[in-house]
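Report on the structure given below.
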Amino acid sequence: MDFIRTIVAEDNRTKKWNGEVITRFPPEPNGFLHIGHAKSFCLNFGIAAENEGGRCHLRFDDTNPVKEEARYVESIQEDVRWMGWDWNEHLYYASDYFDQMYGYAVQLINKGLAYVCDLNAEMMREYRGTLTAPGKDSPYRNRSIEESLDLFSRMKEGEFKDGHCVLRGRIDMSSPNLNMRDPVMYRILHAEHHRTGNKWCIYPTYDWAHGLEDSIEGVTHSICTLEFENHRPLYDWYLDKLEVHHPQQIEFARLELTYTVMSKRKLLQLVEEELVKGWDDPRLPTISGMRRRGYSPESIREFCRRIGVNKFNSTIDIALLEHCVREDLNKTSNRVMAVLRPLRVVIDNYPEEQEEWMDAVNNPEEPEAGTRKVPFSKVFYIEQEDFMEDPPKKFFRLAPGREVRLRYAYFVTCTDVVKDDNGQIVELHCSYDPDTRGGNSPDGRKVKSTIHWVSEAHALRAEVRLYDHLFTKEHPEDTAEGEDFKVNLSPESLKTLSDCMIEPCLKDARPLDRFQFERLGYFCVDADTTKEKIVFNRTVTLRDTWAKIQKTGQKK
RNA sequence: UACCCGGUAGUGUAAUGGCAACACUAGAGAUUUUGAUUCUCUCAUUGGAGGUUCGAGUCCUCCCCGGGUAACCA
């Protein structure tokens with residue numbers, strides 16, 4: 001059990017919150033959700049689900065109209081729901097509390113704990129001091145309560161321009177915690193809000209708003225990321241001074257993954273500079289990108305469960321994520337044969353017009369998935385990399401004079417290699433053994449490998465998009481002076497193959513359908529699919545021992 | 001240089017003061033009509049130095065290292 005669940009369990013035991021467990025996931029609708037957010041909402045919704053009567057609110061922290069948009073509100077709901085979580089009727093918006101927050105601000109002014117300050121942003125920075133030097137009091141700090149009250153209401157009424165003045169908490173300008181040096185509670189922003197329209201021209205800042213949102217909703221455990229640790233004294237201060245329901249803020253480390261970036265700012269940059277194709281580009285760690293790539297919600301949830309929760313920054317090896325998808329897809333995806341880089345093969349001793357429909361198992365891990373028929377004929381395609389004219393010792397696949405098994409079909413032996421004028425192999429000729437139908441040899445002879453194939457006459461054409469890590473470096477932020485993370489973008493993150501051959505059973509495949517292409521990996525139908533052309537995204541390759549052998553061979 | 005937080009295999013997460021465990025990765029082997037899956041095996045004295053204790057990853061002290069913080073962002 002992680003340290004947060006330990007706290008929750010202990011609170012339940014001592015009846016600190018009368019046995020209630022209320023958490024919340026409070027995204028700002030200024031971008032798409034990524035797997036780092038998944039870690040957070042799986043934690044929050046997970047804890048709520050694990051506790052009798054517990055609940056988790058989905059709350060949009062929409063306190064900054066200049067960055068937020070309704071389309072993000074929609075995508076966030078879609079993503080959380082797709083991941084399998086349900087907030088029931090507990091969908092909230094910080095903007096719904098603006099009136100209440102205003103009232104609380106007036107209370108603080110009345111207590112002499114907040115004041116309107118006319119210092120401009122630059123001056124305020126100067127007065128704030130530095131990490132090592134204390135700040136000094138604003139000249140407006142001792143303004144009378146009446147005057148602040150008057151000014152604050154005029155701020156709200158729109159009498160002042162943006163930046164003319166702010167409402168600040170009156171705390172301690174010499175606090176070693178910069179957050180406590182009279183923090184800004186309200187700023188003037190004549191901006192249209194995606195929900196409240198032009199009702200407001202003052203907007204609460206995060207620190208002021210967030211604790212109130214939690215408090216108003218009766219949240220018990222307010223779980224956030226580590227960078228808010230320094231803000232906790234302020235979170236506590238506001239709620240203490242207001243003497244209202246006071247949830248416990250608990251911080252945990254945000255998720256970092258190798259070979260990718262997670263900050264919204266960087267993701268936004270990749271999207272806006274068109275270095276990827278939108279927020280749902282399958283190379284991005286966004287939920288929508290991963291969905292499009294073929295990740296299942298179950299695999300992402302399992303990943304979030306396995307990485308645990310901690311209080312220090314760590315970077316998870318993306319191999320763990322890949323392991324989680326493979327593990328889930330291995331159990332759930334139907335197998336199918338597809339040839340990505342086709343090499344034509346003719347069986348010389350197979351009857352010209354004959355076709356046979358072979359029995360194939362849909363999913364060896366799931367007997368209930370049943371079987372299907374796969375058409376076989378004289379001419380078919382195999383993978384280019386499944387043939388070598390001059391094979392090294394450890395290569396088990398097809399080679400001149402060598403016999404291999406065509407999965408679910410026959411044993412074939414390569415008898416001839418046809419090349420074009422450039423010496424490129426364009427076609428293979430084979431002979432087959434009619435007694436090995438289905439792939440069994442009555443005489444018990446063995447072959448060293450089984451390869452996949454697709455009958456030429458029956459094949460469907462497809463485009464397949466192969467994805468690799470978005471960045472070439474484990475830590476894309478590691479760059480030389482003056483360079484930024486984008487120099488580490490991988491030129492090989494996407495390879496598109498447009499002449500792939502797939503089994504006819506895929507003709508009715510729909511976007512988001514997932515399959516295992518035998519011996520290749522897991523693939524997912526893309527939304528770009530049309531009646532003429534099916535498009536697949538490669539989610540992840542199968543584990544590939546042969547590729548490893550080749551790699552170590554190259555090193556030697 | 002101030003304050004806050006944190007350091008356990010390559011990576012990540014465990015261990016009422018009582019034999020450092022699990023997963024991923026990597027390597028070796030077995031099985032296999034997917035070089036997949038599955039199965040077996042291998043890989044550490046917990047940042048350092050003291051101290052308390054019969055006994056310390058765990059408690060105390062000092063040191064070292066890493067992260068965060070100076071938006072009218074969240």
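Note that these values count all heavy atoms, side chains included, but never hydrogens, waters or copies made by symmetry. Bear in mind that the values here come from a model prediction, so they are computed numbers and not experimental data. Each chain gets a letter, A, B and so on, in the order the sequences are listed, and its residues count up from 1.
Here the separation of B:rG10 from B:rG50, taken at their C1' atoms, is 31 Å to the nearest Å. B:rG6 and B:rU42 have their C1' atoms separated by 32 Å, given to the nearest Å. B:rC5 and B:rA15: their C1' atoms are spaced 23 Å apart (whole Å). Straight-line distance between the C1' atoms of B:rG12 and B:rG51: roughly 32 Å, to the nearest whole Å.
Between A:H37 and A:H34, the angle of the ring planes lies from 30° to 60°, which puts this pair in the tilted group. Using the six-membered ring where Trp is involved, A:F41 and A:F25 have ring planes that are perpendicular, over 60° apart on the 30 and 60° scheme.
Among the atoms of the strands shown, none is found under 4.0 Å from any heavy atom of A:T258. Counting any heavy atom pair closer than 4.0 Å across all strands shown, A:P26 reaches no nucleic acid atom. Here A:R335 lies in heavy-atom contact (under 4.0 Å) with a base. A:D162 comes within contact range of no nucleotide atom at all, as no heavy-atom separation falls under 4.0 Å.
Ranking B:rG35, B:rA70, B:rU25 by closeness to the A:I549 side chain, first place goes to B:rG35. Of the candidate nucleotides B:rC72, B:rU34, B:rC5, B:rC72 has the atom lying nearest to any side-chain atom of A:M124. Each of B:rA74, B:rG35, B:rU37 was ranked by its minimum atom distance to the side chain of A:F396; first place goes to B:rG35. Nearest to the side-chain atoms of A:T132 among the listed nucleotides B:rA71, B:rU1, B:rC73 stands B:rU1. Here the side chain of A:N330 is nearest to one of B:rC73, B:rA26, B:rU37, namely B:rU37. Taking only side-chain atoms of A:Y206, from C-beta outward, the nucleotide of B:rA71, B:rG6, B:rA74 with the closest atom is B:rA74. In this structure, the nucleotide among B:rG12, B:rU69, B:rA74 sitting nearest to the side chain of A:S314 is B:rG12.
A centroid separation of 6.0 Å or more is found between the aromatic rings of A:F411 and A:Y432.
Distances shorter than 4.0 Å separate some side-chain N or O of A:R128 from OP1 or OP2 on B:rA71. At the phosphate of B:rU32, neither OP1 nor OP2 sits under 4.0 Å from any side-chain N or O atom of A:K446.
The CD1-P distance, from A:I4 to B:rA14, rounds to 11 Å in whole Å. The CZ-P distance, from A:R168 to B:rA71, rounds to 12 Å in whole Å. Distance CD (A:E122) to C1' (B:rA71): 14 Å, rounded to an integer number of Å. Between A:E251 atom CD and B:rC4 atom P there is a gap of 14 Å when expressed in whole angstrom units. A:N177 has its CG atom 11 Å from the P atom of B:rC5, to the nearest Å. Distance, A:N230 CG to B:rA71 C1': 15 Å, rounded to whole Å. We find that CE of A:M185 is positioned 19 Å from P of B:rA71, with the value rounded to whole Å. Summarising the geometry, the separation between CD on A:Q249 and P on B:rC5 is reported as 13 Å, rounded to the nearest angstrom.
On a pure distance criterion of 3.5 Å, no polar donor-acceptor pair joins the side chain of A:R326 and the base of B:rU37. With hydrogens and angles ignored, a donor-acceptor pair closer than 3.5 Å exists between the side chain of A:Q516 and the base of B:rU34. At a cut-off of 3.5 angstrom, the base of B:rG12 holds no donor-acceptor pair with the side chain of A:R306.
Counting heavy-atom neighbours within 6.0 Å of A:E122 CD, excluding the residue itself, gives a total of 12 or less. More than 12 heavy-atom neighbours from other residues, nucleotides or ligands sit within 6.0 angstrom of CZ on A:R372.
Position along RNA chain B of the nearest nucleotide to A:K448 versus A:T205 favours A:K448 as the more 5'-ward residue.
A stacked arrangement is not assigned to A:F312 and the six-membered base ring of B:rG7, the conditions of a centre distance below 5.5 Å and an interplanar angle below 30° not being jointly met.
For B:rA71, the O4'-C1' to base torsion is within 90° of 0; the nucleotide is therefore syn.
Salt bridge A:E298/A:K331: absent, no basic N to carboxylate O contact under 4.0 Å.
For the pair A:R195 and A:Y93, the cation sits on the ring face: its NZ or CZ lies under 6.0 Å from the ring centre, inside 45° of the axis.
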